[in-house]
Amino acid sequence: MRAFRTVLEQMIKERRQSIEEFAEFTEVFAREHPELKLGTVSARHLQRLASGVGPKGRPLGEVRPATARLLEKIFGVGIDALLAPPSTHRPDIGTVDVGKFGGVFDWLDKRAGRLPESSQWEVAERLASVDTDALHDRLMRRGRVGRSRLSGALWEYYADQVDGYCAYRVQVSDREVVTSIVTRSDWVDLATPLVPRNEQFNVVAGPTAASGVDVMHAVDRLAEAAALDVRMTNLPIYRLLDVAVKSGEISGTVTLSSFAEYALSVDLLDGEFVDAFAGQSRSLPLRDRHLRDMAAVLDLRGRLCAGGVLALCAIARPADPLRGPADFALLVQERSATVLNGNRRLSVIPKSFHQPLKDVRADARISATLLREMEEELFGRAEVDGTVGGHRVAAPMHPTRLSEPMRWLMAEAGRLRMECTGFGLNLVSGNYEFAGLVVIDDDQFWTRFGGHVEANWEAAGLRVYSSLDAELVGELIADESWSNEGLFAFLLGLRRLRELGGDRVRLPELTATVR
């Protein structure tokens, strides 16, 4: 077998292309990426680069920056590595648990126009050099950046505010709590029951989002995820194109995108910003590219705007000799370190990406996501969890397949109340957030099924607070471990529960200011 002189030569051959064919490909690739238009390379120059030797056997010398950027973009490998001799031993691609990255490697190979297993091999190679201790140190530094400091820094970055849009903030006693959620006065305190007539989403075949996945960043992200045992499955997600929200009516237009597209592009903005805030970097190239100003945040059609659906869950409990009078159990989760988003942060539960399960049109409703996530995150239905295997069931939410607690809730109208309490855009990565409140008013549920309520693998822990304990709930609001979207839903849920709960509720007074 021929010994390759450089990694570049090896990777061109793996594409089953000649030097001339690959040179033609680079011209087309550069035209499709305007930022690389100066990086075209002739077949003759490419032959020298692939050989690793300059004219008349002299050293190759420094490669033009434009040419280097072009080749790095195509292969997702730094120019120094491309021009180095290939390793005599490739790392075992079996060191990467493909099962925890369902479909992501295949997606990246197709996106980059490479042979199958190319991304898996590169991630395995990168994984071999990952300093796991350094990764954990970085996570610890990120964890020390509190929610309020992060929110304040984001609002400093987006100083160019747009009339009518502002931060969601709440006055609690003598404190003002400011989130990173951009909202409007008519987007909050909606008290909108999630029934078919109130939520109308149109699913269309939309344009491809200009997410700009960078292969090198993607490989680094996947290698770090593998080192930290994080799950990442390439399921379809909804991308928001437009939205109309007001009390009593929620509507919008969505199209399908892929989780890999999101996870390997705009989802990287969170870590980049926190690292910069913690002093690990002075630049924000990804944020400057994807969400450079408030106008870009509000331009839903011009970017990949993925979204979340999350709700405060309040379950009525009867009076108890130890606990006291009848109340609501308020559920709060501590997110696991193995989830991709909001890991190690507090959030309400259920919390999920807005994505279809089976029926793309019917599943676009907010209520469909909440019901599915209650089954998965609270009642332990693994078959509706897309991260643990393929969906073989035609109708996973069919009444005959529901868990026992959910079947009881759905048996009679009024046992389960779901409302949308607010909507906003999260400055962390531009996500849209639908906040909700899930209320179970009949305390028979707690008596019969309280022992069935158990968080799934996405949570490291589940906390329960009483709706009568204003002091502890007030301390919880001030906890810096919250994710911004989790706190947004929690605050809106508490405000609505104060209106609904009667004698079961004694919560802090929350004065919202949207300005």
Hey, could you give me the [atom1]/[atom2] distance between [X] and [Y], rounded to the nearest 0.5 Å?
{"X": "L472", "Y": "L468", "atom1": "CG", "atom2": "CG", "result": "11.5 Å"}
{"X": "F434", "Y": "I366", "atom1": "CZ", "atom2": "CD1", "result": "4.5 Å"}
{"X": "R169", "Y": "T179", "atom1": "CZ", "atom2": "OG1", "result": "8.5 Å"}
{"X": "T447", "Y": "R317", "atom1": "OG1", "atom2": "CZ", "result": "11.0 Å"}
{"X": "F445", "Y": "I315", "atom1": "CZ", "atom2": "CD1", "result": "5.5 Å"}
{"X": "S481", "Y": "R335", "atom1": "OG", "atom2": "CZ", "result": "14.0 Å"}

Any side-chain to backbone donor/acceptor pair from [X] onto [Y]? Under 3.5 Å, distance only.
{"X": "R221", "Y": "A263", "result": "yes"}
{"X": "S347", "Y": "G486", "result": "no"}
{"X": "H290", "Y": "S265", "result": "no"}
{"X": "T421", "Y": "A435", "result": "yes"}
{"X": "S247", "Y": "L190", "result": "yes"}
{"X": "E480", "Y": "S148", "result": "yes"}

Any Lys/Arg nitrogen of [X] or [Y] sitting under 4.0 Å from an Asp/Glu carboxylate oxygen of the other?
{"X": "E261", "Y": "R111", "result": "yes"}
{"X": "E499", "Y": "R496", "result": "yes"}
{"X": "D363", "Y": "K358", "result": "no"}
{"X": "R323", "Y": "D327", "result": "yes"}
{"X": "R417", "Y": "D441", "result": "yes"}

Aromatic ring pairing Y262/F259, orientation class (parallel under 30°, perpendicular over 60°, tilted between):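 Because their plane-to-plane angle lies in the 30° to 60° range, the rings of Y262 and F259 count as tilted.
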
Would you say that more than 12 heavy atoms from the other residues, nucleotides or ligands in this model lie under 6.0 Å from the [atom1] of [X], or not?
{"X": "E454", "atom1": "CD", "value": "no"}
{"X": "D503", "atom1": "CG", "value": "no"}
{"X": "R506", "atom1": "CZ", "value": "no"}
{"X": "Q171", "atom1": "CD", "value": "yes"}

Are [X] and [Y] packed together at the side-chain level, in the sense that at least one heavy-atom pair is separated by less than 4.5 angstrom?
{"X": "R345", "Y": "N484", "value": "no"}
{"X": "Y432", "Y": "H354", "value": "yes"}
{"X": "V332", "Y": "I349", "value": "no"}
{"X": "L402", "Y": "R381", "value": "yes"}
{"X": "Q333", "Y": "R463", "value": "no"}
{"X": "T192", "Y": "E419", "value": "no"}
{"X": "L241", "Y": "L300", "value": "no"}
{"X": "L500", "Y": "L437", "value": "yes"}

Distance flag, aromatic centroids of F201 and Y238, threshold under 6.0 Å: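 Not under 6.0 Å, so no.
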
Aromatic centroids of W187 and Y165 separated by under 6.0 Å: yes

Positive for salt bridge (Lys or Arg N to Asp or Glu O under 4.0 Å) with K351, one of E485, E334, E433: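 Exactly one pass, corresponding to E485.
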
D275: which of R144, R287, R142 passes salt bridge (Lys or Arg N to Asp or Glu O under 4.0 Å): R142

Write down the atom of [X], the atom of [Y], and the distance for their closest heavy-atom approach.
{"X": "S119", "Y": "D109", "answer": "OG-OD1, 2.6 Å"}
{"X": "N198", "Y": "P193", "answer": "ND2-O, 2.8 Å"}
{"X": "L268", "Y": "H217", "answer": "CD1-CB, 4.0 Å"}
{"X": "L312", "Y": "A489", "answer": "CB-O, 4.4 Å"}
{"X": "A223", "Y": "R126", "answer": "CB-CG, 3.4 Å"}
{"X": "A316", "Y": "R504", "answer": "CB-NH1, 3.8 Å"}

Working for side chain to side chain donor-acceptor pair (under 3.5 Å), residues S180 and N426: CA-CA 6 Å; S180 68; N426 196 341; 2.7 Å; yes

Check against side chain to side chain contact (heavy atoms under 4.5 Å, CB included), D186 and V245: CA-CA 7 Å; D186 53 349; V245 175; over 6 Å; no

Verdict with reasoning, F490 to I477, per side chain to side chain contact (heavy atoms under 4.5 Å, CB included): CA-CA 8 Å; F490 187 65; I477 292 171; 3.9 Å; yes

Is there a donor-acceptor contact under 3.5 Å linking the side chains of [X] and [Y]?
{"X": "S251", "Y": "Q200", "result": "no"}
{"X": "S367", "Y": "R365", "result": "yes"}
{"X": "T369", "Y": "Q355", "result": "no"}

cation_pi(R415, W408) dist<6.0 Å, angle<=45: yes

W482 six-ring centre to R147 NZ/CZ under 6.0 Å and within 45° of normal: no

Criterion side chain to side chain contact (heavy atoms under 4.5 Å, CB included) on L291 and L269, from CA distance to verdict: CA-CA 9 Å; L291 289 178; L269 272 62; 3.7 Å; yes

From CA spacing to verdict: side chain to side chain contact (heavy atoms under 4.5 Å, CB included), V182, Y168: CA-CA 6 Å; V182 183; Y168 183 74; over 6 Å; no

Derivation of the side chain to side chain donor-acceptor pair (under 3.5 Å) call for D242 and T253: CA-CA 5 Å; D242 59 60; T253 302; 3.1 Å; yes

